[in-house]
Amino acid sequence: MFYREAGQFKATYAEDNRIFTIRQDRIGFALILAAAFVLLPLIATHYIFEAILIPFLIFSLAAIGLNILTGYAGQVSLGTGAFMAVGAFGAYNLMLRIDGMPILLAFILAGLCAAAVGIVFGLPSLRIRGFYLAASTLATQFFIIWCVTKIPWITNHSASGVINAQKIEILGFAFDTPVTKYIFVLVIVSVMALLAKNLVRSNIGRSWMAIRDMDMAAEVIGIRPMYAKLTAFAVSSFYCGVAGALFAFAYLGSVEPEAFLLDLSFRILFMVIIGGLGSILGSFFGAAFIVLLPVFLSISVSFIESEVGHTLPSGIGSSIELMVFGALIIFFLIVEPQGLARLWQIGKEKLRLWPFPH
Amino acid sequence: MSEYAPHDTFPNLLLHHARVRPRHPAVREKDLGIWQTWTWSEVAEEIAALAGGLAKLGFKRGDNLAIVGDNRPRLYWSMCAAQILGGVPVPMYQDAVTQELIFVLQDAEIKFAVVEDQEQVDKLIEARASCPLLSQILYDDPRGLRHYDEPFLHSIDEVQEAGRGHLREHPDFIAQEIAAGKGSDIAIMLYTSGTTGKPKGVCMTHAALLAAARGSCGFDRLDADEEVLSYLPMAWVGDNLFSYAQAMVAGFTVNCPESGDTVMTDLREIGPTFYFAPPRIFENLLTQVMIRMEDASALKRRVFSYFMEVARRCGAEILDGKPVRLADRLLYALGNFLIYGPLRNVLGMSRVRIAYTAGAAIGPDLFRFYRSIGINLKQLYGSTETCAYVCLQKDREIRLDTVGAPAPGVEVKIAANGEVLVKSAAMFEGYYKRPDATAETIDQDGYFHTGDAGYFDPDGQLKIIDRAKDVGQLANGALYAPNYIENKLKFFQYIREAVAFGNGRDQVCAFVNIDMGAVGNWAERRNIPYSGYTDLAQKPEVYELVRECIEQANAELAQDPMLADSQVRRFLILHKELDPDDDELTRTRKVRRGFVADKYRVLIDALYSERRSQFIETQVKFEDGRSGVVSAELAICDARSFAPQAAKQAA
Amino acid sequence: MRPTGEVILDLRNISLAFGGVKALTDISFDVREHEIRAIIGPNGAGKSSMLNVINGVYRPQQGEIVFRGEHRRNMNTYQAAKSGIARTFQNIALFRGMTVLDNIMTGRNLKMHCNLLQQALYWGAAQREELEHRRIVEEVIDFLEIQYIRKTPVGRLPYGLQKRVELGRALAAEPSILLLDEPMAGMNTEEKQDMCRFILDVNDEFGTTIVLIEHDMGVVMDISDRVVVLDYGRKIGDGAPADIRNSQDVIDAYLGVAH
Amino acid sequence: MDAQFFFEVLLGGLLSGVMYSLVALGYVLIYKASGVFNFAQGSMVFFAALTTVGIHDMGVSLWLAVPLTMIVMIALGLAIEKFVLRPLVAQPEITLFMATIGLAFFVEGLAQAIWGAAVHPLELGIEDVPIQSVMDSTGIAISQFDLVAAGIAAALVTALAIFFSKTRIGRALRAVADDHQAALSVGIPLQQIWGIVWAVAGFVALVAGLLWGARNGVEFSLTFLALKALPVLILGGFTSIPGAIVGGLIIGASEKLAEVYIGPHVGGGVEGWFPYLLALLFLLVRPEGLFGERIIRRI
């Protein structure tokens, strides 16, 4: 309906190769960016920043990381939480032990640490696939969290294992209010999402997808499976590492190893499944869905309670949340295995074909 | 920039644009996935190189250059290259069989030919046996030609390279050649499709073509930023005026589609601002729209038909700027956002400022449909000899059943027998080597006999009713205009072709060809099984459907006092589609009435007898050249006619 | 047809077995530059296994491969691809998650050298490289006349077109040797004619040596220079199509004379 | 570290290994019959235990609560087969795997929603007290409870082994496991078979739930049993019952030994990841596990 594609021809390959080839898409994207960078900072309340926007962005970044590994390269991983932990504690220690360390450099180095760990624990993927690989990433998850809790140096000998992330400060300007923290996270996530989009649409992205779809054929045309799989692990872990650092510094403030348990890996895996495997945009959809769902549930539960009159037993809220989570995963896998991203794409195609049927 | 450069020949205009707007895109072609673009300066260099190459091969002033192939930049460039050297380009229909090519090659004494690809090269090689003069053939697309080592065969690239060498040796060769050219030289020769006897070569001078092009550009205020998609045969005068002459005058961009079957997607990609097509294409488009909408969801269909009703009510009036109720205007605006805008976009016509239809009469409903959804469609009447247009419809003064008032600088009068006579600066010079035929059509005081019958209605707009020679009289002396009746029947989406008979008889009967797509879809919706065209054509339900259409047409005919008597009384549906390959239609799909009348004599007699059905067996030529036989028992059916009302005010 | 050059690939006494199953026993034949070399034989004769030995997917137990003068025990897939051997598979091995254009672009991966960071930034070197290779892929698409399905996901294409896209992916690597595993299986006559035309054009225009597995004897006789005949993992015939056609062993193999 | 203590730890490990193999058995059953790695088996164990306790607390005797739960478990098994597996029948293994993760969350939520989240003691009437006679003769403290549990597990395993190899349904199950289409083509009622398989898996989950629940209380951590079963399956192979038993024993023993011998030097908690490390090393050597079929990938 909104699309006016007539006349948007491509005279050079560069034009045909852009992320958004249709002008209406570019306008739409610009509006979203404007809303994110300008509108929200003006109108959103502290609660919305702290409880919804910042976690949504951080989880999107982690979801992009996992999507690169599982969605694009086809390597199932349950170790996302661990890589985030490496990023969080890595950044903390870098800031702690090297004074004057700029925060952004700390995040990048923490990301690189996570990438290195990712490569080491990605080595089994060269020989095993499917469940077995998922099991080996479980080993990663347990082993790293065990290290973080057991090695006092990492948590700076804190008795309870809790660490307080340093303040975020760049060139003297402190990012400590919800709005500034939100902007800080938004900039990082936007830049890294763009880099991810560039990766998946260039040669390395195609190599990942080739390995995912038919690794035998990929090998025969000259794609080295080791290089492809390990880069996927490295890039994915880098993204999870930075997301972990943001998780500690910009979201929780103080964090402990128990924040990065297997449950977090599952949550991010759900985001990638519901959002859409093999789609950067899907990662954002998935993150938004999983972040907003509990909020929506609690509102509807309190609404039902006010209707029905008496309050439901206390623990009911969390168990309903679990049931809804589980049911939604199954629902999406049945109705649309490619998740919300596919539904979005179908919707766009329908609008482009309007008024004709899809 | 409404005034245009005053140069007198096309090569001069080429140099003008190369100088005035060197980096403005002149030509684009969809190739290798993107639209390859050439600016005016690049086009001038390419054409100069080609001209140099042709001269090196011995192309001299006054020679004719045959051009055969789809719309390709390099074929348009060879036109201009020939004109630079004082030669005359002769574009021909790319889907013509070798026999048809041979006639023109001999008639125009062709020595040089520029063709598109292997398919055309093979035809010309086959034709060389009977055209000894044909000594040089240049080809554009080398695919498949690697092993052709004939001496007379050259790729255009080689010729251009040789040409660039030639120009280095004679730097002012091109300037001299262009200077030698003048406005009165013949700029192009187009062979009419010859509904009447053998095709004749219509010669048009630079001056005539430029006068026509400047007239139409000025009339519609075309400027250098227009985008035009050129996909119609280069041998049709319309393509030459709209894609070549007007581009040279206004300096806008001509876009060549990737191939014949990607025209629709290329149309949508380019989104032309100036669009022209014969009525048949507009008809097919409308049928496609209706068929696809039938598959849409119920809600979408309801919204679509509701707003189509709104458009039918006030769309055309809004486009003409006439006063419309505010409520309707708001509704139409909403409709524009919901339905008409997207519909124009999906058809690729969002950016169309002006659309012309020409070459045959367009049905009023079809005409109204496009105008009502905001496409500024205008009808054009003219012929090859009058350089495509005689009358033009002014924006805001569009009448559905007339072709508009005579264009500026064109005098039109009606002869005694109702034939339309035209005199203008844009008229053709004469028929090539056929002074006799020229004298026949241009009388002493310089009027060209168009061969069409028509009359001026009260407010000075010309109304064309039929071919002059086809106009006859019924037994009771009433006017009988077969084309007018046939067009009325063809305006229904289910009828693709119709042939009326009645000259000198007491009542009018007709053959009908159903539209396989529309009727097929209609039948599937009512799950009527059918195996093929012949089987579907004989279905009683289909006869019922066609009968309703004919009776509706009869009702409209009854309102026009002059034509009330020629309502169709009896009809039959032909068992095969009339086809140019069987010589039943011309290349531009006009019915060859005489030929059809002889071939189906037995059916005509059956129509005028009391028979309820008639067996028929005919030779058919299939696509791959094999010929076979199609036969069927054709039912004959009566159609209700209406008493002629008093001269009711036309709708 | 382009004149055939000297031997570039010589397979000597190749034997291959999976556990107890003997796929190939003591097979030797050579392939000359610019030649169209056909491998024929009844089903299960070991044709596909032979192809898999040539491009390193299987490692023969005995025998030696002399490729461009280098003596090797076996090929490895990466080396094979790097030194210009490309192939298509018997049952299509396309990447179902990608469009036709992306599938053929993967054929270019050995020729693209930007590192990870450049590709992430995309602006500059990586983009230039991407567009340059896109142009070469477009020529392959134009050559195979599949422009109209350029942006369609491969999974949605009919069988014949998928075969053509797979050929496109192999051609995109600009191979010197092209291994075709029954490129015309399951095609109607018109599609077969197109595929033959493409194979002949590739051999003629780029001089690519072609090793072709094919059942349709008409095709084999028309387009191949020399033919190897395999039966039950043994070589029972090698030479020009004409003499192969009337060699008794070949006829027995096809008509199923008892062994 | 005298030998006696070693034996005691070893025996303790072996006995807890039995519990692991019991849970692993549920996985093998489902995977053998439907090719689905049912991640939700752990939460089904938790659900079974919780339901039994729930019914028991409502004043129903234990002997009646168990069959009742059995019926509930069978119903649950059939429902899972109908609403989750059947629509996903043609999907790749990985999608089914993720669906069972969702199923695990759903079953946990369901269990807690019905019976609340508190820890429930489960009394099976078997004391968790070392057997006096064995204690006196060898000095090794083996709890009576472990022995009984091992006995039940052994009985269950042999019953299943016989069921699989000898009975008609057992053969049909093995056919379905190899190739769904082939099984269908010879007329094996696929849906019915899957129903049976899930019901049996439900029964195994119930037994595991009771035993496990009795030992250390029915509470949320039971769902992590699934994570314990994974290394067992990797070691033993996904498709063989003996593999599940042997795997369970190895993991159980090695876990306890690692905890006792390596744990102190590195600050304990080794139990969490050691089984995985063991399984991983084993996997790199023999990707299909002890008894699994060798995977040949033809192109």
Side-chain angles (χ1 to χ4, degrees), chain A residues 10 12-19 21 68 71-74 108 115 191-228 230-232 234-235 238-239 276-279 337-338 342 345, chain C residues 52 55-57 76-83 85-89 92-98 101-123 126-135 137-138 150-151 154-155 166 169-170 172-173 175 179:
Chain A
K10 314 288 181 288
T12 64
Y13 287 122
E15 280 170 17
D16 193 41
N17 217 316
R18 305 165 67 138
I19 297 177
T21 50
I68 286 177
Y72 283 98
I108 292 172
V191 167
M192 289 184 74
L194 176 65
L195 297 184
K197 182 66 184 171
N198 286 341
L199 274 178
V200 294
R201 67 190 178 114
S202 48
N203 188 37
I204 188 67
R206 284 189 296 269
S207 309
W208 287 336
M209 288 192 266
I211 290 288
R212 170 195 68 191
D213 289 342
M214 190 164 270
D215 54 359
M216 180 56 71
E219 227 174 303
V220 159
I221 57 173
I223 295 172
R224 295 191 305 275
M226 189 180 78
Y227 177 77
L230 292 189
T231 43
V235 170
F238 179 83
Y239 272 73
L277 282 164
S279 146
Q338 278 136 6
R342 179 74 185 124
Q345 193 191 358
Chain C
N52 288 334
N55 89 320
V57 173
N76 84 37
T77 46
Y78 182 67
Q79 271 311 327
K82 204 96 169 106
S83 46
I85 299 180
R87 67 166 293 175
T88 63
F89 291 84
I92 296 173
L94 284 176
F95 307 125
R96 307 189 74 75
M98 294 197 259
L101 184 63
D102 286 342
N103 262 277
I104 299 178
M105 280 295 272
T106 55
R108 297 295 305 168
N109 77 80
L110 280 176
K111 306 232 178 339
M112 299 177 90
H113 306 299
C114 275
N115 64 38
L116 217 54
L117 190 60
Q118 284 172 313
Q119 288 177 50
L121 294 175
Y122 196 77
W123 188 77
Q127 182 170 21
R128 265 200 309 282
E129 183 179 57
E130 183 83 10
L131 300 185
E132 180 198 311
H133 287 280
R134 164 75 190 271
R135 168 146 184 85
V137 163
E138 282 295 339
R150 165 184 297 111
K151 297 253 168 100
V154 157
E166 199 179 17
R169 181 179 64 189
L179 313 179

- Task: Check each atom of A:Y72 against the heavy atoms of chain C and say whether the ones under 4.5 Å are side chain, backbone, both or neither.
- Result: neither
- Task: Rounded to the nearest 0.5 Å, what's the gap from OG1 on C:T106 to CD1 on A:I221? Could you check?
- Result: 3.5 Å
- Query: What closest approach, in Å, do A:A217 and C:F95 show between heavy atoms, and which atom pair accounts for it?
  - Reply: CB-CE2, 3.9 Å
- Task: Check whether any side-chain heavy atom of C:N109 lies under 4.5 Å from a side-chain heavy atom of A:R206, and answer yes or no.
- Result: no
- Give the member of C:L110, C:N55, C:L117 that has the highest number of heavy-atom pairs under 4.5 Å with chain A. C:L110
- Item | Contact class of A:V200 relative to chain C, heavy atoms under 4.5 angstrom | neither
- Task: Heavy-atom distances under 4.5 Å only: say whether C:R169 touches chain A with side chain, backbone, both or neither.
- Result: side chain
- Task: Locate the shortest heavy-atom distance separating A:N198 from C:L121; write the atom from each residue and the value.
- Result: ND2-O, 3.5 Å
- N/O donor-acceptor pair under 3.5 Å between A:D213 side chain and C:G97 backbone: yes
- Query: If you count heavy-atom pairs under 4.5 Å between each of C:M105, C:Q119, C:E166 and chain A, which one has the most?
  - Reply: C:Q119
- Note on the structure: chain A shares the most heavy-atom pairs under 4.5 Å, among C:A93, C:C114, C:A126, C:G107, with C:A93
- Among the listed options C:Q79, C:H133, C:E138, C:R128, the residue most often paired with chain A at heavy-atom distances under 4.5 Å: C:E138
- Message: Checking A:D16 now: which residues fulfil salt bridge (charged side-chain N to carboxylate O under 4.0 Å, His left out) with it, not counting sequence neighbours?
- Response: C:R134, C:K151
- For each of A:L195, A:V235, A:L194, A:T231, tally heavy-atom pairs with chain C at distances under 4.5 Å, and name the one with the top tally. A:L195
- Note on the structure: Under 4.5 Å to a heavy atom of chain C? For A:R201 that would be both
- So do the side chains of A:Y227 and C:L116 get within less than 4.5 Å of each other, counting heavy atoms only? yes
- Query: Do the side chains of A:E219 and C:Y78 get nearer than 4.5 Å, heavy atoms only?
  - Reply: no
- Closest approach of C:M98 and A:A210, non-hydrogen atoms and distance? CE-N, 3.9 Å
- Task: Could you tell me the separation between the CE atom of C:M112 and the OG atom of A:S202, rounded to the nearest 0.5 Å?
- Result: 7.5 Å
